[in-house]
Amino acid sequence: AHRAGVYLMEDYDPAKRPLVMLHGLGSSPLVWARLSNDVWGDRSLRNAFQIWHVVYSTDTPLLVTRRRIARYLDRAFEILDPEHDDPARDGIVIIGDSLGGVIARLLSADSGDALWSASFTAAPSALQGDADDVRMARELLVFAPYPGIRRAIFLAAPHRGSPLADRWYSRIAHRLAGHRADEMQSLRRIARAHPHAIQPALRQGFQAASINSISTLQEAQPVRRANESLLPAPGIAYHTIAGRRAGARPEGDGVVPLASALLPDAASTSIV
């Protein structure tokens, strides 16, 4: 978390498209070493793209992480393009591995009211509570695609959750993973002051601020079930890459089932 942010692998070029890479749960940008080298080793790709690695804490809930990464990108562009007119702003390609792939999809999607309705029984305008807490809830649950994303690539991403998130060792990890995100404290205060504004299935989790990255990958988690329907917005092409391991049950790579990794209407789908 202390190193969280956007890291450029070479000097910023206002004309090159950012290739934004999001690592997975408990991982780091080192997972992208070979891919980064392959991009640099191809003259046409290196002339067209600049590699941006994102470091982020992977123990926070998906929607908290989505908001934070959007802010890291905002900060990068504020520093690199304060005039808001560089071609690099329009044409971002975002690629995510595992958990990073789910976040990449959410950064490419328009939430509408799907996530809000899965969490609250009252409309945003009717929600009572501290103004800053309500604003935070809106930022977490109501969002548009990140400006400039034109293509998304998802590698073994558990868009519909993973059965491993319900296993005994995941329950232990869930207890150890962070529950202190400031964003979750805003939801906690709203849930404690106005419990009937929270959907019953989420009320206890919000009141205890006990939701983290592992619990938001559980197949039955209500907000995760709502977000699985959010596909990249029109105008953003997306691609899925998934693994199939012999003998894996359910069918998949042994961690992410194919049924969770594959998305309808993808521009391309590759099963390895």
Side-chain angles (χ1 to χ4, degrees), residues 1-2 4-5 25 56-75 99-100 102-147 158-161 165-166 170-171 173-230 233:
H2 294 295
L25 182 68
Y56 67 98
S57 178
T58 65
D59 63 353
T60 53
L62 284 172
L63 297 177
V64 170
T65 304
R66 182 213 165 275
R67 176 181 178 273
R68 290 182 180 181
I69 291 177
R71 291 198 159 203
Y72 302 155
L73 292 170
D74 285 345
R75 179 60 176 157
L99 175 70
V102 181
I103 296 163
R105 174 173 57 83
L106 293 174
L107 284 164
S108 306
D110 186 330
S111 69
D113 63 359
L115 302 181
W116 187 274
S117 298
S119 303
F120 290 98
T121 60
S125 58
L127 188 64
Q128 298 179 0
D130 178 84
D132 288 340
D133 289 341
V134 173
R135 175 187 56 78
M136 179 64 72
R138 289 181 63 106
E139 289 183 8
L140 289 174
L141 297 165
V142 182
F143 49 79
Y146 189 81
H159 298 293
R160 297 180 180 85
D166 294 303
S170 296
R171 291 197 294 271
H174 168 66
R175 288 183 172 272
L176 297 175
H179 300 291
R180 296 292 181 182
D182 291 341
E183 296 89 342
M184 289 305 301
Q185 297 307 312
S186 290
L187 294 180
R188 181 184 192 181
R189 287 189 289 269
I190 293 172
R192 290 189 168 189
H194 309 285
H196 296 295
I198 312 298
Q199 292 288 1
L202 289 170
R203 193 173 297 155
Q204 183 177 358
F206 278 15
Q207 288 175 337
S210 62
I211 297 173
N212 56 33
S213 58
I214 295 171
S215 62
T216 51
L217 290 177
Q218 292 173 334
E219 293 177 320
Q221 213 277 345
V223 175
R224 192 216 57 75
R225 288 204 312 270
N227 86 49
E228 75 177 45
S229 66
L230 302 179

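It should be emphasised that the depicted structure is a prediction, and the values quoted were computed from it without experimental measurement.
- By the 4.5 Å heavy-atom criterion applied to side chains, D74 and Y146 are counted as neighbours.
- Within 6.0 Å of the CZ atom in R135, the count of heavy atoms belonging to other residues, nucleotides or ligands exceeds 12.
- Of the inter-residue distances, the one linking Y56 atom OH with I103 atom CD1 reads 4.0 Å to the nearest 0.5 angstrom.
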Q. Does the side-chain contact (heavy atoms from CB on, under 4.5 Å) test come out yes or no for R67 and M136, once each step is laid out?
A. CA-CA 10 Å; R67 176 181 178 273; M136 179 64 72; 3.5 Å; yes
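- The shortest distance between side-chain heavy atoms of F120 and D113 does not fall below 4.5 Å.
- When all heavy atoms of L63 and L115 are compared, the closest pair comes out as CD2-CD1, 3.8 Å.
- Taking all atoms of both residues into account, the shortest heavy-atom contact from A109 to F143 is O-CD1, 3.7 Å.
- Considering only heavy atoms from C-beta on, H196 stays 4.5 Å or farther from T121 through its side chain.
- Counting all heavy atoms, side chain and backbone alike, R66 lies closest to A144 at NH2-O, 3.2 Å.
- A side-chain contact (heavy atoms from CB on, under 4.5 Å) with V102 holds for exactly one of L107, L25, L62, T65; it is L62.
- The line from NE2 of H159 to OG of S229 is 13.0 Å long, rounded to the nearest 0.5 Å.
- Proximity of H194 to Q128: side-chain heavy atoms (C-beta onward) are separated by under 4.5 Å at one or more points.
- With contacts defined as side-chain heavy-atom distances shorter than 4.5 Å, the pair I190/L127 qualifies.
- Between the side chain of Q199 and the backbone N or O of S117, at least one donor-acceptor pair lies under 3.5 Å.
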(Q) Could you go through W116 and L140, starting from their C-alpha distance and side-chain angles, then the distance that decides it, and tell me whether this counts as side-chain contact (heavy atoms from CB on, under 4.5 Å)? (A) CA-CA 9 Å; W116 187 274; L140 289 174; over 6 Å; no
Q.
Between R71 and E139, does the salt bridge (charged side-chain N to carboxylate O under 4.0 Å, His left out) criterion hold? Intermediate values first, please.
A. CA-CA 11 Å; R71 291 198 159 203; E139 289 183 8; 3.5 Å; yes
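- In plain terms, the two heavy atoms of A118 and A226 that are nearest each other are CB-CB, 3.7 Å.
- A heavy-atom distance below 4.5 Å is not found between the side chains of P158 and L99.
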**Q.** Verdict with supporting geometry, S111 and L230, side-chain contact (heavy atoms from CB on, under 4.5 Å)
**A.** CA-CA 7 Å; S111 69; L230 302 179; 4.3 Å; yes
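- Considering only heavy atoms from C-beta on, R189 comes within 4.5 Å of S186 through its side chain.
- Annotation for P124 and R138: closest pair CB-NH1, 2.9 Å, computed over non-hydrogen atoms.
- Two residues are said to be in side-chain contact when any heavy atoms from C-beta on lie closer than 4.5 Å; R105 and N227 meet this criterion.
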